[in-house]
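Everything below concerns the one structure shown next.
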Amino acid sequence: MPPVESVSPAARDFMCRRGELNVSRLLAGAPKVFAGWSAMIDAQRDSRTFGPRLRELVGTHALTLEGA
């Protein structure tokens, strides 16, 4: 995993807003993947369509589908 100091400004901004999770640091090393992933996380977390509980269920279900 790249150290936080060496990731792109966009990745650093995302980690400041969403937390410095290992998955964020890992994906920050793959800028093309990170851009899409961070946009998806932002859209999910900022959604007014789903309440906080349903947003958490969506995230949990996505992790289950990925075998995490």
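Predicted, not measured: the structure shown is a model, and the values here were computed from it. Heavy atoms only: backbone and side chains are in, while hydrogens, waters and symmetry mates are out.
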Between Phe14 and Asp42, does a side chain to side chain contact (heavy atoms under 4.5 Å, CB included) hold up when you go through it step by step?
CA-CA 9 Å; Phe14 179 83; Asp42 281 340; 3.5 Å; yes
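- Between Gln44 atom CD and Thr49 atom OG1 the span is 11.5 Å, to the nearest 0.5 Å.
- Not a single donor-acceptor pair under 3.5 Å links the side chain of Ser24 to the backbone N or O of Glu20.
- Residues Arg25 and Met15 approach most closely at CG-SD, 3.8 Å, considering heavy atoms.
- Between His61 and Glu56 there is no side-chain heavy-atom pair separated by less than 4.5 Å.
- Each of Arg55, Arg18, Arg17 was scored for a salt bridge (charged side-chain N to carboxylate O under 4.0 Å, His left out) with Asp46, with one residue passing: Arg18.
- You'll find the side chain of Phe34 stays beyond 4.5 Å of the side chain of Val7, heavy atoms only.
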